[in-house]
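A quick write-up on the structure given underneath.
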Amino acid sequence: QEQLVESGGGLAQAGGSLKLSCAAAGFNTYSLGWFRQAPGEEREFVGVITDSGDRTFYAASVKGRFTISRDNAKNMVYLQMNSLKPEDTAVYYCAAGSPRVLREYGNTWLRGYEYWGQGTQVTVSS
C-alpha cells in the first residue's frame, strides 16, 4: 500500500468549516477512519466509511456536524467539518482498517486500523 497522507488542517473559528483530505492510494478495499487526539487526551474515534463508501459511522460528539466521504477513483477520503467548536481542536488522523477486522471488533477500536497517517492539526478558536 501507499502511504496515508492527511492534508487540509489549519485554523478555523468556532462555527466555521474545514475540510480534511487523506490520500489513500492502495486502500480501496479498506475501511477508512478518522481519529483525533487533543492535547493530554487519548486518541478518539471520529468516524469511518466502509470500503465501498456505502455506509458511514460517527462518534456522537460529531454526528450531524461532520461528514465522511470517499472517492475511490481518486484514492481519496474526506472529512468535512462544519459548525466547528473549540473542543474539536486536535490532531486529526486518517487510518485504514480491514473490513473483516472492523466487523469483528468494531469500528471504534484503534488497533483495528492497521495503517495510519501522520496527522494534520486542526485548531478552532472561539
Side-chain angles (χ1 to χ4, degrees):
Q1 290 86 359
E2 298 288 336
Q3 299 293 317
L4 293 167
V5 181
E6 304 94 338
S7 62
L11 178 65
Q13 293 195 353
S17 297
L18 204 60
K19 187 174 183 178
L20 306 183
S21 300
C22 177
F27 294 98
N28 284 351
T29 61
Y30 287 77
S31 294
L32 293 173
W34 287 94
F35 291 78
R36 67 187 183 185
Q37 188 167 19
E41 298 187 3
E42 298 290 325
R43 191 169 299 186
E44 68 171 346
F45 172 79
V46 173
V48 65
I49 188 166
T50 56
D51 53 343
S52 63
D54 62 331
R55 297 190 70 182
T56 53
F57 304 89
Y58 301 96
S61 58
V62 306
K63 187 177 180 181
R65 299 189 298 120
F66 291 9
T67 302
I68 299 173
S69 61
R70 70 187 295 168
D71 186 340
N72 283 343
K74 296 181 179 179
N75 300 309
M76 298 291 293
V77 62
Y78 306 97
L79 179 64
Q80 177 67 52
M81 303 182 293
N82 298 326
S83 301
L84 283 165
K85 305 175 180 180
E87 50 263 45
D88 294 319
T89 295
V91 176
Y92 283 71
Y93 301 87
C94 64
S98 165
R100 177 188 61 81
V101 171
L102 297 180
R103 283 196 299 270
E104 180 175 0
Y105 294 101
N107 290 318
T108 65
W109 189 48
L110 270 66
R111 294 185 66 185
Y113 294 83
E114 303 173 66
Y115 306 96
W116 293 81
Q118 293 299 307
T120 185
Q121 176 70 48
V122 171
T123 302
V124 183
S125 64
S126 58

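Of all heavy-atom pairs between L32 and V77, the closest is CD1-CB, 3.7 Å. Taking each heavy atom of A96 and F27 in turn, the nearest pair found is CB-CD2, 3.4 Å. Between S17 and A12, the closest heavy-atom pair is O-CB, 4.4 Å. The two atoms that bring V48 and I68 nearest to each other are N-CD1, 3.2 Å, heavy atoms only. Across all their heavy atoms, N75 and G26 have their closest contact at OD1-N, 4.5 Å. Closest non-hydrogen pair, A24 versus L4, comes out as CB-CD2, 3.6 Å.
Atoms OG and CD1, from S69 and I49 in turn, are 6.0 Å apart once rounded to the nearest 0.5 Å. The distance from atom CG of D88 to atom OG of S61, rounded to the nearest 0.5 Å, is 7.5 Å.
Listed by first and then second residue, the side chain to side chain donor-acceptor pair (under 3.5 Å) pairs involving residues 95-108 amount to none (not counting sequence neighbours). Screening residues 41-51 for side chain to side chain donor-acceptor pair (under 3.5 Å) gives R36-E44, Q37-R43, R43-Y93, T50-D54 as the qualifying pairs, with residues at least two apart or on separate chains.
Considering only residues two or more places apart in sequence or on other chains, Y92 meets the ring-ring contact (aromatic ring centres under 6.0 Å, His included) condition with none of them. Here Y58 pairs with nothing under the ring-ring contact (aromatic ring centres under 6.0 Å, His included) rule; sequence neighbours left out. Applying the salt bridge (charged side-chain N to carboxylate O under 4.0 Å, His left out) test to R55 and every residue at least two apart in sequence or in another chain returns nothing.
Taking 4.5 Å as the limit, some side-chain heavy atom of Y113 sits within range of a side-chain heavy atom of L102. L79 is not listed as a side-chain neighbour of E6, based on a closest heavy-atom distance of 4.5 Å or more. By the 4.5 Å heavy-atom criterion applied to side chains, V91 and T120 are not counted as neighbours. In this structure the side chain of L84 reaches within 4.5 angstrom of the side chain of F66, judged on heavy atoms. In this structure, the side chains of Q80 and N82 come closer than 4.5 Å at one or more pairs of heavy atoms.
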Exercise for review: Evaluate the criterion ring pair (Phe, Tyr, Trp, His ring centres under 6.0 Å) for residue pair F57 and F45; output intermediate values, then yes/no.
Suggested key: CA-CA 10 Å; F57 304 89; F45 172 79; 8.3 Å; no
Practice item. Please test R65 against K85 for side-chain contact (heavy atoms from CB on, under 4.5 Å), starting from the C-alpha separation and ending with a verdict. Key: CA-CA 10 Å; R65 299 189 298 120; K85 305 175 180 180; 3.8 Å; yes
Check your understanding: Stepwise, does the side-chain contact (heavy atoms from CB on, under 4.5 Å) test hold for T89 with Q121?
Key -> CA-CA 8 Å; T89 295; Q121 176 70 48; 4.0 Å; yes
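As a member of the Ile/Leu/Val/Met/Phe/Trp/Tyr network built from side-chain separations under 4.5 Å, V5 groups with nothing else and remains a singleton.
The aromatic ring centres of F35 and W116 sit less than 6.0 Å apart.
Under the 4.5 Å side-chain heavy-atom criterion for Ile, Leu, Val, Met, Phe, Trp and Tyr, Y115 and L110 are members of distinct hydrophobic clusters.
Shown here is Q118, whose CD atom has no more than 12 heavy atoms of other residues, nucleotides or ligands within 6.0 Å. Residue Q13 places its CD atom among 12 or fewer non-hydrogen atoms of other residues, nucleotides or ligands, all under 6.0 Å distant.
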